[in-house]
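Since this is a predicted model, take the numbers as computed values, not measurements. Heavy atoms only: backbone and side chains are in, while hydrogens, waters and symmetry mates are out.
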Amino acid sequence: MGTDRNLLSAGQLAAALRAGEVTAVELAESAIERIAKHDGEVNAICVPDFDRALAAARAADAARARGEDGPLLGVPMTVKESFNVAGLPTTWGFPQFASFTPAEDALAVARLKAAGAVVLGKTNVPLALGDLQSYNDTYGTTANPWDLGRSPGGSSGGSAAALAAGFGALSIGSDIGGSLRTPAHFCGVHAHKPTFRLVPTRGHTPPPAPPLTAEVDLGVIGPMARSAADLGVLLDVLAEPDPLTLGAAYELRLPPARHDRLGDFRVLVLADHPDIATSASVRAGLARVAGALTAAGARVDHSSPVLPDLGEAARLYLRLLFSVFGASYPAEIYERFGALAAGLDPADDSLVAARVRGARLSHRDWFAADLAREGHRHAWRAVFAEYDAVVCPVSPTPAFPHDQSPHQDRRTITIDGTEHPYGDQLVWAGLATLPGLPATVIPTGPDAAGLPVGVQLIGPMYGDRTTLRLAELLEAEIGGFTAPDLDRR
């Protein structure tokens with residue numbers, strides 16, 4: 001294993017473990033040593049759990065010595081702070097819950113452990129998981145390993161930073177506003193947002209709520225990794241129905257990938273959105289993917305009359321997204337949005353207005369929005385009758401500098417020299433989230449400034465294996481994960 005084993009994929013590590021080239025204890029010790037060396041500046045691992053990780057590694061080695069195996073047996077990984085892990089705090093960044101310690105694992109964490117994973121600890125998040133950055137008063141600021149002055153993304157920014165820095169081969173995160181996808185794009189790793197409700201979320205629960213089976217509208221949990229193939233392995237571990245609900249009656253049988261050769265895919269590539277610019281860096285990443293597809297003989301289009309209206313979709317998504325946020329806002333913030341909504345011009349159809357109105361959405365208006373969403377879902381069925389995947393930006397720019405100014409609605413994002421409202425960058429994430437479609441993020445290589453750039457591959461509902469397979473094929477053509485050189489700082 002000539003390459004630093006901390007930077008290898010989970011599949012490579014699993015193969016080395018099965019071949020007896022390394023032990024789980026050696027992998028865990030190596031990862032812990034790397035975290036001790038470099039996490040002081042990155043701050044990705046907010047809740048280390050090294051003693052129990054080493055115990056789990058010893059147990060994995062003992063199990064392998066008995067002839068046992070498992071998809072993740074002995075592989076070191078992390079989990080996002082927002083997942084309950086028995087005996088560790090779950091705060092979601094809230095200082096008042098710094099000592100809240102669940103007694104049982106989230107279902108996803110229990111499944112990881114049953115598959116043999118060695119959990120090194122938990123990764124940092126923004127307050128209430130509500131930002132495209134990852135900082136809070138309890139655990140501080142997570143930096144992007146490629147540029148410590150920039151965001152690793154949010155809200156799964158700690159997980160993406162950990163993967164990029166070599167702190168475990170896998171992680172899991174969550175996504176309602178691009179929270180899996182944006183960090184992967186910013187940090188140069190892979191992530192998969194599953195089809196809505198494919199992966200049960202029990203135990204991904206804000207404190208101090210009990211881990212009930214309720215699902216949050218729009219939100220999903222999913223895998224993050226340094227290779228596309230690892231995403232599929234991790235999804236298989238996580239995706240069986242919850243035995244307390246659908247699992248009592250249903251078994252999962254995802255459709256196979258539509259194609260197994262890159263040249264057989266029919267792909268729609270989108271670079272432009274009516275509501276926000278796309279940076280030259282992101283356009284270059286899209287062009288690289290489109291070029292690889294074209295060179296392989298795939299059908300590549302750049303527009304389609306069957307595509308749903310992107311502007312309408314963005315506004316509908318933001319109303320529904322902020323209705324989720326608004327339901328849990330403290331009273332003073334909820335009232336502040338009420339005052340903002342009352343002051344809007346009735347003719348104001350901006351994205352800012354959609355966010356403000358969404359935070360105060362009545363149930364009557366939510367029901368109308370939900371019906372409109374169903375219309376968009378149906379429109380996407382026509383798209384995927386003609387195409388196998390849609391390739392588009394995750395976010396309009398690479399990782400941006402840290403911005404911890406207190407009011408997100410007053411922040412801006414700079415795109416090739418022009419400022420745009422901070423929240424407008426959510427529109428690309430919403431493209432897949434509104435209709436509940438799967439989306440896989442792949443790195444496309446660094447931009448001219450050396451920052452990672454990714455794209456998302458959106459597929460049909462329950463077509464998770466199609467986007468995952470396309471991601472693997474593209475990784476083979478254009479390259480995949482590359483690591484920042486943390487030793488040269």
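The side chain to side chain contact (heavy atoms under 4.5 Å, CB included) test with Ile172 singles out one residue from Leu180, Ile221, Leu112, Val237, and that residue is Leu112.
Using a distance-only test at 3.5 Å, with no hydrogens or angles considered, a donor-acceptor pair links the side chain of Thr444 to the main chain of Val453. A donor-acceptor pair under 3.5 Å is absent between the side-chain atoms of Thr433 and the main chain of Gly430, judged by distance alone. Using a distance-only test at 3.5 Å, with no hydrogens or angles considered, no donor-acceptor pair links the side chain of Asp49 to the main chain of Lys122. Checking side-chain atoms of Asn124 against main-chain N and O of Gly157 turns up no donor-acceptor pair under 3.5 Å. At distances below 3.5 Å, at least one donor-acceptor pair connects side-chain atoms of Ser134 with backbone N or O atoms of Gly153. Under the 3.5 Å distance criterion, the side-chain polar atoms of Ser395 are left unmatched by any main-chain donor or acceptor of Thr182. Checking side-chain atoms of Trp146 against main-chain N and O of Cys187 turns up a donor-acceptor pair under 3.5 Å. Between the Arg469 side chain and the Ala257 main chain, no donor and acceptor come within less than 3.5 Å of each other. Checked by atom type and distance alone, the side chain of Glu419 never pairs as donor or acceptor with a backbone atom of Thr412 at under 3.5 Å. Judged by distance alone, the side chain of Glu312 and the main-chain N or O of His376 form no donor-acceptor pair under 3.5 Å.
Between the side chains of Asn84 and Thr90, at least one donor-acceptor pair of N or O atoms lies under 3.5 Å. Of the N and O atoms on the side chains of Ser304 and Glu386, not one donor lies less than 3.5 Å from an acceptor on the other residue. Of the N and O atoms on the side chains of His190 and Asp230, not one donor lies less than 3.5 Å from an acceptor on the other residue.
Here Arg355 does not pair with Asp409 in a salt bridge; the nearest charged N to carboxylate O distance is not below 4.0 Å. Ion pairing of Asp275 with Arg315 is present here, as a side-chain N (NZ or NE/NH1/NH2) and a carboxylate O approach within less than 4.0 Å. In this structure, Asp403 does not pair ionically with Arg410, as no charged nitrogen and carboxylate oxygen lie closer than 4.0 Å. Salt bridge status for Asp447 with Arg283: absent, with no side-chain N to carboxylate O gap under 4.0 Å. Using a 4.0 Å cut-off between charged nitrogen and carboxylate oxygen, Arg411 and Asp131 count as a salt-bridge pair.
Across every non-hydrogen atom of Ser156 and Lys80, the tightest pair is OG-NZ, 2.9 Å. Contact record, Cys46 with Glu81: SG-CG, 3.7 Å, taken as the closest heavy-atom pair. Closest approach of Tyr422 to Gln408, counting heavy atoms only: CE2-OE1, 3.5 Å. Nearest heavy-atom pair, Pro398 versus Ser279, reported as atom, atom and distance to 0.1 Å: CD-OG, 3.9 Å. The heavy-atom pair separating Ala280 from Asp416 by the smallest distance is N-OD2, 2.9 Å. Nearest heavy atoms, His185 versus Thr397: NE2-O, 2.7 Å.
Classified by interplanar angle (parallel below 30°, tilted 30° to 60°, perpendicular above 60°), the ring pair Trp380/Phe384 is parallel. Under the 30°/60° scheme for interplanar angles, the aromatic rings of His259 and Phe265 are found to stand perpendicular.
In this structure, Phe325 has its ring center under 6.0 Å from that of Phe322.
Geometric assessment of Arg360 against the ring of Tyr334 yields a positive cation-pi assignment under the 6.0 Å and 45° thresholds. The cationic group of Arg226 lies under 6.0 Å from the six-membered ring centre of Phe481 and within 45° of the ring axis, placing it in a cation-pi geometry.
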side-chain contact (heavy atoms from CB on, under 4.5 Å), that's the test. Do Gln425 and Phe400 meet it? Break it down for me. CA-CA 12 Å; Gln425 60 189 308; Phe400 54 80; 3.7 Å; yes

In sequence, state the C-alpha distance, the side-chain angles, and the governing distance for Ser179 and Ser174, and then conclude on side chain to side chain donor-acceptor pair (under 3.5 Å). CA-CA 6 Å; Ser179 287; Ser174 59; 5.6 Å; no

Please report the C-alpha distance between Leu218 and Arg373 in whole Å, then the side-chain angles of each, then the deciding distance to 0.1 Å, and finally whether the side-chain contact (heavy atoms from CB on, under 4.5 Å) criterion is met. CA-CA 11 Å; Leu218 299 170; Arg373 166 172 46 190; 3.3 Å; yes

Go through it in stages, so that I can follow the logic: the residues are Val85 and Val47, the test is side-chain contact (heavy atoms from CB on, under 4.5 Å), and I'd like the CA-CA distance, side-chain angles, deciding distance and then a yes or no. CA-CA 10 Å; Val85 177; Val47 185; over 6 Å; no

Stepwise side chain to side chain donor-acceptor pair (under 3.5 Å) test for Asp388 and Thr466: CA-CA 8 Å; Asp388 302 305; Thr466 292; over 6 Å; no

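Rounding to the nearest 0.5 Å gives a distance of 12.0 Å between CG of Leu470 and CD1 of Ile458. To the nearest 0.5 angstrom, Thr142 atom OG1 is 11.0 Å from Gln133 atom CD.
Contact of the Pro241 side chain with the Leu252 side chain is registered, since non-hydrogen atoms from C-beta on lie closer than 4.5 Å.
With a 6.0 Å radius and a threshold of 12 heavy atoms from other residues, nucleotides or ligands, Glu251 has its CD atom at or below the threshold.
For residues 178-200, every residue pair satisfying the salt bridge (charged side-chain N to carboxylate O under 4.0 Å, His left out) rule, not counting sequence neighbours, is listed here: Asp175-Arg181.
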